[in-house]
Amino acid sequence: MAHALGAPTGERIPDGLNQPDLAGPEVRRAKEDLAACFRMAARHGLEEGICNHFSAMVPGYDDLFLVNPYGYAFAELTASKLLVCDFHGNVVSGDGQPEATAFYIHARLHKRIPRARVAFHTHMPYATALSMTEGDPLVFAGQTSLKFYGRTAFDRNYNGLALDEREGDRIAESVGEADIVFMKNHGVMVLAPTIAEAWDDLYYLERAAEVQVLALSTGRPVLPVDSAIAEAAYRQMREGDPESARLHLASVRRRLDREEPDYAA
């Protein structure tokens, strides 16, 4: 299912004099944080083989992004294995190439939606299952789902694999102002300003989808929360989200430091 990326589509403009060193501590921290997300996503079964991808803009840059290399499962990834790529498909730092759909989706998202400093794409089972059903994927019936109230979009036009810029552009166009995109017959995309917030949303999105699938499996009607209460609860949650997300990722890294310390290598 995964595809190798072809030749770069253009040349990259050299770095500016005031931009961070790609081997510096700020970039290193971003790589470690992203590697931690890959590892914990694997523990929770949120990935699918070697086909899913996370990306994050390199701190201090608007034309370079971190992404996982083609051919590795999430559980294998380390900070040093992550690639730095430009929007033309050039690998500026790291060994290997990004998977083709990873490049064409993530490069276009980051270029066309500057607020999306981080983009996580998975085929995680419960959220993907909801993308395959009739109607809007999320029913805002459980408390966890209210974290995403008013933040979701639904790309209803599955168009096959993203193997050129046109499909990446089409997906970017479908996002609008959303942070969470359910991709019909495909999976989900989480967009965020930080790696911590992307991880937090990805984790809780799958938890919300899981309990919804369980509720639907009873055969009894699933009753949404009153819209006014849902809106109020959403605002309560969002007020503390950045700090909660930071602490969530810190807890992930503490666990991995004890149990899988090679993630940061």
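All of these numbers come straight from a predicted model, not from anything done at the bench.
Phe65 has its side chain out of reach of Val92: every pair of non-hydrogen atoms, C-beta onward, lies at least 4.5 Å apart. Arg43 has its side chain within reach of Leu256: a pair of non-hydrogen atoms, C-beta onward, lies under 4.5 Å apart. With a 4.5 Å cut-off on side-chain heavy atoms, Met40 and Leu46 do not count as touching. The side-chain heavy atoms of Val213 and Tyr126, taken from C-beta on, include a pair separated by under 4.5 Å. For the pair Pro125/Glu206, a side-chain contact is recorded, criterion being any heavy-atom separation below 4.5 Å from C-beta on. At least one side-chain heavy atom of Arg108 sits under 4.5 Å from a side-chain heavy atom of Lys111. Between Glu173 and Arg112, some side-chain heavy-atom pair lies under the 4.5 Å cut-off. The shortest side-chain heavy-atom distance between Val84 and Leu66 falls under the 4.5 Å cut-off.
The distance from the CG atom of Leu77 to the OH atom of Tyr72 is 8.5 Å, given to the nearest 0.5 Å. Rounding to the nearest 0.5 Å places OG of Ser244 at 10.5 Å from CE of Met237. With values rounded to the nearest 0.5 angstrom, His88 atom NE2 is found 8.0 Å from Asp63 atom CG. Atom SG in Cys37 sits 11.5 Å away from atom CG in Asn68 (nearest 0.5 Å). Taking OG from Ser80 and CG from Leu82, the interatomic distance works out to 8.0 Å, rounded to the nearest 0.5 Å. Here the straight-line distance linking atom OG1 of Thr128 with atom NZ of Lys184 works out to 12.0 Å at 0.5 Å rounding.
Under a 3.5 Å cut-off, the side chain of Asp86 and the backbone N or O of Gly89 do form a donor-acceptor pair. Looking at Glu99, its side chain does come within 3.5 Å of a backbone N or O of Ala102 through a donor-acceptor pair. A distance-only check finds no donor-acceptor pair linking the side chain of Gln212 to the backbone of Ala127 [under 3.5 Å]. A donor-acceptor pair is defined here as one N or O able to donate and one able to accept, closer than 3.5 Å; no such pair exists between the side chain of Asp136 and the backbone of Leu138. Between the side chain of Arg170 and the backbone N or O of Asn157 there is at least one donor-acceptor pair closer than 3.5 Å.
Using a cut-off of 4.0 Å between Lys/Arg side-chain N and Asp/Glu carboxylate O, Arg39 and Asp262 are scored as salt-bridged. The pair Asp241-Arg238 meets the salt-bridge criterion, since a charged nitrogen lies less than 4.0 angstrom from a carboxylate oxygen. With salt bridges taken as basic N to acidic carboxylate O contacts below 4.0 Å, one links Arg246 and Glu243. One finds no salt bridge joining Arg255 and Glu260 here, because no Lys/Arg side-chain nitrogen approaches an Asp/Glu carboxylate oxygen to under 4.0 Å. By the 4.0 Å N-to-carboxylate-O rule, Glu76 lies too far from Lys81 to be salt-bridged with it. Remark: Glu32 does not engage Arg29 in a salt bridge, criterion side-chain N to carboxylate O under 4.0 Å. Taking the charged nitrogens against the carboxylate oxygens, Arg28 and Asp33 have no contact shorter than 4.0 Å, which rules out a salt bridge. Ion pairing between Glu197 and Arg117 fails under the 4.0 Å rule for side-chain N and carboxylate O.
Ring orientation note: the planes of Tyr149 and Tyr234 are tilted relative to one another, at an angle of 30° to 60°.
Taken together through direct or relayed side-chain contacts under 4.5 Å among Ile, Leu, Val, Met, Phe, Trp and Tyr, Met189 and Met132 form parts of separate hydrophobic clusters. Linking Ile, Leu, Val, Met, Phe, Trp and Tyr whenever their side-chain heavy atoms come within less than 4.5 Å leaves Val225 and Val211 in two separate clusters. Under the 4.5 Å side-chain heavy-atom criterion for grouping Ile, Leu, Val, Met, Phe, Trp and Tyr, Val118 is not connected to Leu247 through any hydrophobic cluster. In the hydrophobic clustering of this structure, Leu205 groups with Val222; members are Ile, Leu, Val, Met, Phe, Trp, Tyr whose side-chain heavy atoms approach within less than 4.5 Å, directly or through other members.
Surrounding CZ of Arg156 are more than 12 heavy atoms belonging to other residues, nucleotides or ligands, all under 6.0 Å away. Within a 6.0 Å sphere centred on CD of Glu259, other residues, nucleotides and ligands contribute more than 12 heavy atoms. Other residues, nucleotides and ligands contribute at most 12 non-hydrogen atoms within 6.0 Å of the CZ atom of Arg220.
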Stepwise, does the side chain to side chain contact (heavy atoms under 4.5 Å, CB included) test hold for Ile180 with Phe182?
-> CA-CA 7 Å; Ile180 311 297; Phe182 284 87; 4.2 Å; yes

Apply the test side chain to side chain contact (heavy atoms under 4.5 Å, CB included) to residues Leu202 and Met124: give CA-CA distance (whole Å), side-chain angles for both, the deciding distance (0.1 Å), then the verdict.
-> CA-CA 9 Å; Leu202 189 80; Met124 54 191 191; 3.9 Å; yes

Side chain to side chain contact (heavy atoms under 4.5 Å, CB included) evaluation trace for Leu191 with Arg151 | CA-CA 10 Å; Leu191 307 177; Arg151 299 175 59 208; over 6 Å; no

Check the pair Met183, Ile171 against side chain to side chain contact (heavy atoms under 4.5 Å, CB included), reporting the backbone distance first and the verdict last.
-> CA-CA 9 Å; Met183 305 163 79; Ile171 292 170; 3.8 Å; yes

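A donor-acceptor pair shorter than 3.5 Å can be found between the side chains of Ser55 and His110. No side-chain donor-acceptor contact under 3.5 Å links His121 and His106.
Closest approach of Val190 and Ala198 over heavy atoms only: CG1-O, 3.8 Å. Here the closest heavy-atom approach between residue Ser174 and residue Asp155 is recorded as OG-CB, 3.7 Å. Closest heavy-atom contact between Val181 and Val175: CG2-CG2, 3.8 Å. When every heavy atom of Leu249 is checked against every heavy atom of Ala36, the shortest pair comes out as CD1-CB, 4.5 Å. Nearest heavy atoms, Pro69 versus Asp95: CB-O, 4.3 Å. Nearest heavy atom pair, residue Ala119 against residue Leu109, reads CB-CD1, 4.5 Å.
In this structure Tyr204 satisfies the ring-ring contact (aromatic ring centres under 6.0 Å, His included) test together with His248, sequence neighbours excluded.
Applying the ring pair (Phe, Tyr, Trp, His ring centres under 6.0 Å) test to every pair with at least one member in residues 23-45, sequence neighbours left out, gives these pairs: Phe38-Phe54, Phe38-Phe74, His44-Tyr203.
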